[in-house]
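Below: one structure, written as structure tokens.
Each chain gets a letter, A, B and so on, in the order the sequences are listed, and its residues count up from 1. As a basis for the values below, the full set of heavy atoms in this structure was taken, side chains included, without hydrogen atoms, waters or symmetry mates.
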Amino acid sequence: MAEPLLRAPKGTRDLLHPASARFRALGDVFARVANGAGYGQVILPMFEHVEVFHRLGEATDVVTKEMFEFDDRGGRRLALRPEQTASAVRAFVENRPMLPWKAWYAGPNFRAENVQKGRYRQFDQVGVEVLGLDDALIDTEVIALAWDFFRTLGLRDMTLLVNSLGDAGDRARYVDALREYFNSRAAELSEQSRETLARNPLRVLDSKRREDASVVAEAPLLADHLSEAAAEHFARVQDGLRAVGVPFTVSPRLVRGLDYYVRTTFEIQSSALDAAQSAIGGGGRYDGLVEQLGGDPTPGIGFALGVERTLLACDAEGAFTLGETGVDVFVVDTTGGLEALTLTHELRRAGVAADRAFENRSMKSQMKAADRSGARFALLVGTDERDAGEVTLRDLRSDTGQLRVARTDVLDAVKKALA
RNA sequence: GUGGCCGUAGCUCAGCUGGCAGAGCGCCGCGUUGUGGUCGCGGAUGUCGCGGGUUCAAAUCCCGUCGGUCACCCCA
């Protein structure tokens with residue numbers, strides 16, 4: 001094969017039709033679900049001042065090694081967004097919308113990491129953010145929204161994991177307890193986990209390495225360090241989930257990688273996915289983030305769903321398949337092409353999706369093109385029709401045959417046939 | 001950054017104990033000098049990723065390199 005001179009950069013890919021249509025359709029479904037729940041879209045810049053993302057936590061991988069950074073000509077340090085929560089919060093602080101602010105977003109994010117199945121350097125997320133509500137039942141709403149969206153797509157093979165990291169004080173106390181525990185058994189941990197321990201003891205809980213399993217399994221539980229208020233909040237979230245019929249599993253070791261999470265965290269995994277990356281969505285509370293970005297103390301919660309992974313999960317379950325996406329009418333013209341030109345344009349101007357063949361090919365060839373186009377009807381113009389001032393309307397999707405109509409009645413006939 | 005596997009037609013891949021570059025699908029044409037979808041017949045398409053080496057001879061063996069993919073870490 002002649003190697004292409006240029007190819008899409010590592011971790012990026014082209015989506016051609018019909019994959020692109022499916023991608024867009026997923027976004028449309030999400031927009032409908034979110035709009036229908038009272039969320040309004042926020043469209044955010046794809047790059048920000050790096051400081052915006054440093055608030056995600058100086059120790060997180062996303063910030064320390066996965067950001068695409070660059071300087072603009074004015075010497076400002078910028079970064080392609082690795083996620084959109086930080087941008088959304090920045091926009092909230094900057095624009096001061098009315099509370100509560102319920103926003104949804106969709107679009108690409110960028111992380112400079114190595115690729116594997118379900119992980120790309122440019123990847124799309126859809127998500128929501130709610131600023132200004134402390135009510136545990138908004139946690140439930142947000143989680144249920146993600147769940148119901150996946151259900152709407154047709155996904156069934158999913159697991160919802162929920163946990164509470166406690167409030168900021170609980171979290172700090174728990175991290176101390178964890179550090180002490182892991183340090184006491186550091187000799188049993190893998191080398192990588194010992195390094196992680198130095199940076200962030202919480203994330204040692206995430207280790208999937210076999211040699212860490214027993215140490216992790218016996219680690220102190222977050223649940224034992226929750227304040228009364230945090231425990232009550234978490235219980236109410238769970239009551240809410242039961243009330244709306246969203247099945248869940250409490251996962252005491254679900255910590256997630258962004259440092260800003262407090263209290264409720266959750267993750268939705270697809271068990272249909274045969275990849276290492278089975279989390280198709282996740283989110284949680286980030287009550288301190290608005291303040292860190294310069295705003296008044298404001299509670300916040302949200303989620304982000306990975307579009308590529310979701311589509312992968314849909315593939316695995318045979319869900320969210322798209323039907324025919326063809327035009328309504330395909331015009332076949334063996335008299336030179338002028339008739340096809342005028343007919344397609346008349347149809348298009350009347351709102352009928354129409355296409356045609358070029359280069360004056362044989363009728364057989366044009367009919368094959370008509371069939372491939374997915375059109376319901378073919379409009380044929382040969383010398384007979386032209387001389388008679390007529391066209392032939394042929395149904396391509398059933399064997400009801402074809403009929404001749406006067407050239408001047410084409411629009412009416414087509415609209416009637418499509419109705 | 002590290003490791004496993006893979007690079008052959010537009011796509012999916014066979015060929016790999018060295019000996020004429022193949023199949024299926026797709027595409028084009030014909031059967032039907034005005035009719036697609038089924039069927040039959042015919043046809044076009046290759047820097048065998050790239051560079052070097054071994055050999056009478058390399059898609060096949062060796063070295064290097066680039067790319068892809070999966071995995072670790074972490075995340076959607």
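The partner of C61(B) is G53(B), by the rule that a Watson-Crick or G-U pair needs both atom distances under 3.5 Å. Of all nucleotides present, none satisfies the Watson-Crick or G-U wobble test against U32(B) with each distance under 3.5 Å. Figure legend. G1(B) is base-paired to C72(B); pairs are counted as Watson-Crick or G-U wobble with both atom distances under 3.5 Å.
Test Asn163(A), Asp170(A), Asp167(A), Asp134(A) against Arg263(A) for side chain to side chain donor-acceptor pair (under 3.5 Å) and you get one pass: Asp134(A). Between Ile301(A) and the options Val130(A), Leu131(A), Val128(A), a side chain to side chain contact (heavy atoms under 4.5 Å, CB included) holds for only Val130(A).
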Can you pull every protein N or O that's under 3.5 Å from an N or O on nucleotides 24-27 of chain B?
| residue | atom | partner | partner atom | Å |
| --- | --- | --- | --- | --- |
| C27(B) | OP1 | Arg372(A) | NH1 | 2.8 |

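In this structure, the ring of Phe330(A) has its center no less than 6.0 angstrom from the ring center of Phe377(A).
RNA chain B is contacted by both Thr334(A) and Gly118(A); Thr334(A) maps to the nucleotide lying nearer its 5′ end (nearest heavy atom per residue). The residue among Ala304(A) and Val115(A) whose nearest nucleotide of RNA chain B lies closer to the 5′ end is Val115(A).
The distance from atom NZ of Lys364(A) to atom C1' of C39(B) is 11 Å, rounded to the nearest whole Å. In this structure, Leu396(A) places its CG atom 11 Å from P of G37(B), rounding to the nearest Å. Between Arg404(A) atom CZ and U35(B) atom C1' the separation is 13 Å, expressed in whole Å. As a whole-Å value, the separation of Arg361(A) CZ from G34(B) P is 18 Å. To the nearest angstrom, P of U35(B) lies 19 Å from CG of Leu403(A). When rounded to the nearest whole Å, the span between CE of Met367(A) and C1' of C28(B) equals 18 Å. Atom CG of Asn114(A) and atom P of G4(B) are 15 Å apart (whole Å). If you take CE of Met363(A) and P of G36(B), they are 10 Å apart, rounded to a whole angstrom.
Side-chain proximity of Arg7(A) to G68(B), G37(B), A71(B): nearest is G68(B). Which of G36(B), C70(B), G29(B) sits closest to the side chain of Lys117(A) comes down to C70(B). Of the candidate nucleotides U35(B), A71(B), A76(B), U35(B) has the atom lying nearest to any side-chain atom of Leu380(A). Here the nucleotide nearest the side chain of Asp384(A), chosen from G34(B), G36(B), A71(B), is G34(B). Side-chain atoms of Arg309(A) lie closest to A76(B) of the nucleotides G67(B), A76(B), C72(B). Closest to the side chain of Arg394(A), out of G29(B), G67(B), G36(B), is G36(B).
Put simply, Lys10(A) has a side-chain N or O that comes within less than 4.0 Å of OP1 or OP2 on G68(B). Phosphate proximity of C72(B) to Gln116(A): present, with a side-chain N or O under 4.0 Å from OP1 or OP2. Between Gln277(A) and A76(B) there is no side-chain N or O to OP1 or OP2 distance below 4.0 Å. For Ser365(A) and G29(B), the shortest distance from a side-chain N or O to OP1 or OP2 is below 4.0 Å. Regarding contacts with the backbone of C70(B), every side-chain N or O of Arg119(A) stays at 4.0 angstrom or more from both OP1 and OP2.
Inter-residue side-chain proximity for Phe110(A) and Thr12(A) is flagged as unmet; no heavy-atom pair is nearer than 4.5 Å. Residues Val89(A) and Tyr260(A) form no side-chain contact, since every pair of their non-hydrogen atoms from C-beta on lies 4.5 Å or further apart. Val93(A) has its side chain within reach of Val290(A): a pair of non-hydrogen atoms, C-beta onward, lies under 4.5 Å apart.
Across the P atoms, G15(B) and G22(B) are found 16 Å apart, a figure rounded to whole Å. Only the C1' atoms considered, C13(B) is 14 Å distant from A21(B), to the nearest whole Å. The gap from the C1' atom of U8(B) to that of G4(B) amounts to 22 Å, rounded to the nearest Å.
The base of G34(B) sits within donor-acceptor range of the side chain of Glu385(A), with an N or O pair under 3.5 Å. The base of G37(B) lies outside donor-acceptor range of the side chain of Asp371(A), with no N or O pair under 3.5 Å. Contact of Gln366(A) with U35(B) (side chain to base): no donor-acceptor pair of N or O atoms is detected under 3.5 Å. Applying the 3.5 Å distance criterion, the base of A76(B) shares a donor-acceptor pair with the side chain of Glu113(A).
With salt bridges taken as basic N to acidic carboxylate O contacts below 4.0 Å, one links Glu339(A) and Arg407(A). A salt bridge is defined here as a Lys NZ or Arg NE, NH1 or NH2 lying under 4.0 Å from an Asp or Glu carboxylate O, and Asp355(A) with Arg348(A) meets this definition. Taking 4.0 Å as the cut-off between side-chain N and carboxylate O, Glu48(A) and Arg90(A) count as a salt-bridged pair.
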In sequence, state the C-alpha distance, the side-chain angles, and the governing distance for Arg171(A) and Asp176(A), and then conclude on salt bridge (charged side-chain N to carboxylate O under 4.0 Å, His left out).
CA-CA 9 Å; Arg171(A) 184 180 156 134; Asp176(A) 287 343; over 6 Å; no
